[in-house]
Engineer: 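Questions regarding the structure given below will be posed in turn.
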Amino acid sequence: MVTDKLWRTLSAFNRSTRRWEPVPLKNSQSQVTQRLSLTSRNIDTCTQELSLISWNIDAFSSRPVSRAKLILGHTLDGPKFPDIIFLQEVTPIVRASLLDDARDVPFATMTLLSSARFASGLDSQKGGDGIEGGETFMLGRVSRVTLPSKYRRDALCVDIVPPTAPGTVFRLINVHLDSLGDTLHYRAQQVEILANVLREPGCSGGIIAGDFNAISPEDDGLVDKNELVDAWVTLRGRADPDGDTWSVGVERRDGLGPGRLDKVAMMGLKAMEMDILRPGPIEVPRPGEKPVEIPWSNHCGVRCTFTI
């Protein structure tokens with residue numbers, strides 16, 4: 001099966017201009033691994049720990065920009081600062097508020113990476129980047145993987161190279177699979193394609209995280225069917241009642257109850273810890289009426305710590 005990929009440009013935050021700017025990855029993957037091979041000779045071979053937070057920030061409820069800022073502030077100001085942030089349902093107006101750069105799409109996925117843990121090929125040529133200390137991962141190519149989809153969904157993929165294994169590439173894949181019950185066949189194809197992306201030659205595995213829209217019993221088997229590891233099931237088991245991430249504490253008119261729609265699946269990695277992040281409330285004004293409170297999102301966030 002041939003996977004279609006649309007190559008994308010990495011952007012980095014420029015502290016001088018206070019803006020996000022494109023960073024061309026001039027180093028090829030072979031050059032990246034060769035440089036890391038030279039700088040890692042004195043690094044002891046050991047596991048590297050990374051933390052990820054994934055959150056569907058809800059594109060359709062009121063006050064999207066304010067809600068997105070509260071969610072991002074909650075993830076960044078918490079006691080456990082994440083190395084990786086996956087966001088889903090990021091509208092152009094929300095993206096503009098975060099990156100000052102809107103695109104003509106209904107909504108999309110967004111991946112944010114800590115500059116303390118990740119460096120581009122150009123960054124590696126600068127001093128003080130921490131690579132020699134064995135803490136910084138090198139960033140490889142960035143792409144969007146085209147998926148069969150009723151809703152034009154894709155997957156945002158970032159290649160990373162651990163400092164202690166310079167010849168090894170892992171992939172971080174941010175997903176928002178097709179919604180609703182009539183698209184199960186699409187979700188089945190999407191998970192299979194993404195699992196195969198982690199098995200491509202030159203890739204040693206990685207992580208697929210985000211909104212899996214797992215609303216049916218059949219969805220629960222897709223991760224196992226494609227020989228991926230469900231981090232929550234591994235750490236907490238399938239019966240843990242605290243695993244629901246969608247429609248928690250909300251009465252819905254369609255009768256659908258809470259569900260574990262958001263997941264972290266992995267290959268070649270080890271899950272160490274996982275938590276559910278509950279959204280806080282935000283007030284929505286109503287002309288001529290009392291304001292109401294709604295959650296930051298109809299989804300909870302998921303936080304997972306894993307080792308490479």
Engineer: Counting C-beta onward and ignoring hydrogens, is there a side-chain heavy-atom pair between Val94 and Leu87 closer than 4.5 Å?
Structural biologist: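 Sidechains of Leu87 and Val94: no contact.
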Engineer: Determine the minimum heavy-atom distance between Ala271 and Ala231, stating which atoms define it.
Structural biologist: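 Looks like CB-CB, 3.9 Å.
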Engineer: In plain terms, say whether Asp244 and Arg278 are close enough for a salt bridge, that is, a side-chain N and a carboxylate O under 4.0 Å apart.
Structural biologist: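 Here Asp244 does not pair with Arg278 in a salt bridge, since their nearest N and O are not under 4.0 Å apart.
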Engineer: Has Asn174 got a side-chain atom pairing as donor or acceptor with Leu156's backbone, closer than 3.5 angstrom?
Structural biologist: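 Checked: no pair found.
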Engineer: Just verifying a value: how many Å separate Ile276 CD1 and Arg236 CZ, rounded to the nearest 0.5 Å?
Structural biologist: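 One gets 7.5 Å once the value is rounded to the nearest 0.5 Å.
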Engineer: Taking Asn213's backbone N and O only, do any of them form a donor-acceptor pair with Arg187's side chain (distance below 3.5 Å, no angle check)?
Structural biologist: yes
Engineer: Looking only at non-hydrogen atoms, find the nearest pair between His299 and Trp246 and report the distance.
Structural biologist: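 Answer, listing the atom of His299 first, then Trp246: NE2-CD1, 3.4 Å.
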Engineer: Quick check: closest heavy atoms across Met274 and Trp232, and the distance to 0.1 Å?
Structural biologist: SD-N, 3.6 Å
Engineer: Indicate, with yes or no, if Ile207 and Phe118 share a hydrophobic cluster defined by side-chain heavy-atom contacts under 4.5 Å among Ile, Leu, Val, Met, Phe, Trp and Tyr.
Structural biologist: yes
Engineer: Between Arg67 and Ser61, which heavy-atom pair has the shortest distance, and what is it?
Structural biologist: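 Looks like NH2-O, 3.1 Å.
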Engineer: Run the salt-bridge test on Asp275 and Arg303 with the 4.0 Å N-O cut-off and return the result as yes or no.
Structural biologist: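 Between Arg303 and Asp275 there is a salt bridge, with a charged N closer than 4.0 Å to a carboxylate O.
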Engineer: Taking side chain as C-beta onward, heavy atoms only, is Leu70 less than 4.5 Å from Ile282?
Structural biologist: yes
Engineer: How about Leu52 and Phe306: do any of their side-chain heavy atoms sit closer than 4.5 Å?
Structural biologist: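 With C-beta onward as the side chain, the pair touches.
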Engineer: With rounding to the nearest 0.5 angstrom, report the CG to OG1 distance, Leu172 to Thr111.
Structural biologist: 7.5 Å
Engineer: Would a 4.5 Å heavy-atom cut-off, applied to side chains only, mark Leu76 and Phe81 as touching?
Structural biologist: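 In short, these two side chains touch, coming nearer than 4.5 Å.
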Engineer: Taking all heavy atoms of Pro295 and all of Pro279, pick out the closest pair and write down the distance.
Structural biologist: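 Residues Pro295 and Pro279, closest heavy atoms: CB-CG, 4.1 Å.
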Engineer: Please lay out, stage by stage, how Asp178 and Thr183 fare under the test side-chain hydrogen bond (donor to acceptor under 3.5 Å, both in side chains).
Structural biologist: CA-CA 6 Å; Asp178 268 28; Thr183 59; 4.6 Å; no
Engineer: Could you tell me whether the side chain of Val175 reaches within less than 4.5 Å of the side chain of Thr109, counting heavy atoms only?
Structural biologist: no
Engineer: Measure the spacing between OG1 of Thr47 and CG of Leu269 and express it to the nearest 0.5 Å.
Structural biologist: 11.5 Å
Engineer: Search all heavy atoms of Ile57 against all heavy atoms of Ala68 and return the closest pair with its distance.
Structural biologist: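 That would be CD1-CB, 4.0 Å.
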Engineer: Looking at Asp211 and Arg153, is there a salt bridge between them, counting it only when a charged N and a carboxylate O are closer than 4.0 Å?
Structural biologist: no
Engineer: Can you find a heavy atom in the side chain of Glu200 that is under 4.5 Å from one in the side chain of Arg171?
Structural biologist: yes
Engineer: When the ring planes of Trp55 and Trp296 are compared, do they come out parallel, tilted or perpendicular, using 30° and 60° as the limits?
Structural biologist: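 The arrangement is tilted - the two ring planes meet at 30° to 60°.
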Engineer: What I'd like to find out is whether the side chain of Phe170 reaches to under 4.5 Å of the side chain of Cys203, using heavy atoms alone.
Structural biologist: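 Answer no - side chains too far apart.
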Engineer: With the threshold set at 4.0 Å, does a side-chain nitrogen-carboxylate oxygen contact exist between Arg238 and Asp224?
Structural biologist: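 Here Arg238 pairs with Asp224 in a salt bridge, since their nearest N and O are under 4.0 Å apart.
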Engineer: Do the side chains of Asp220 and Lys263 get close enough for a salt bridge, i.e. N-O under 4.0 angstrom?
Structural biologist: yes
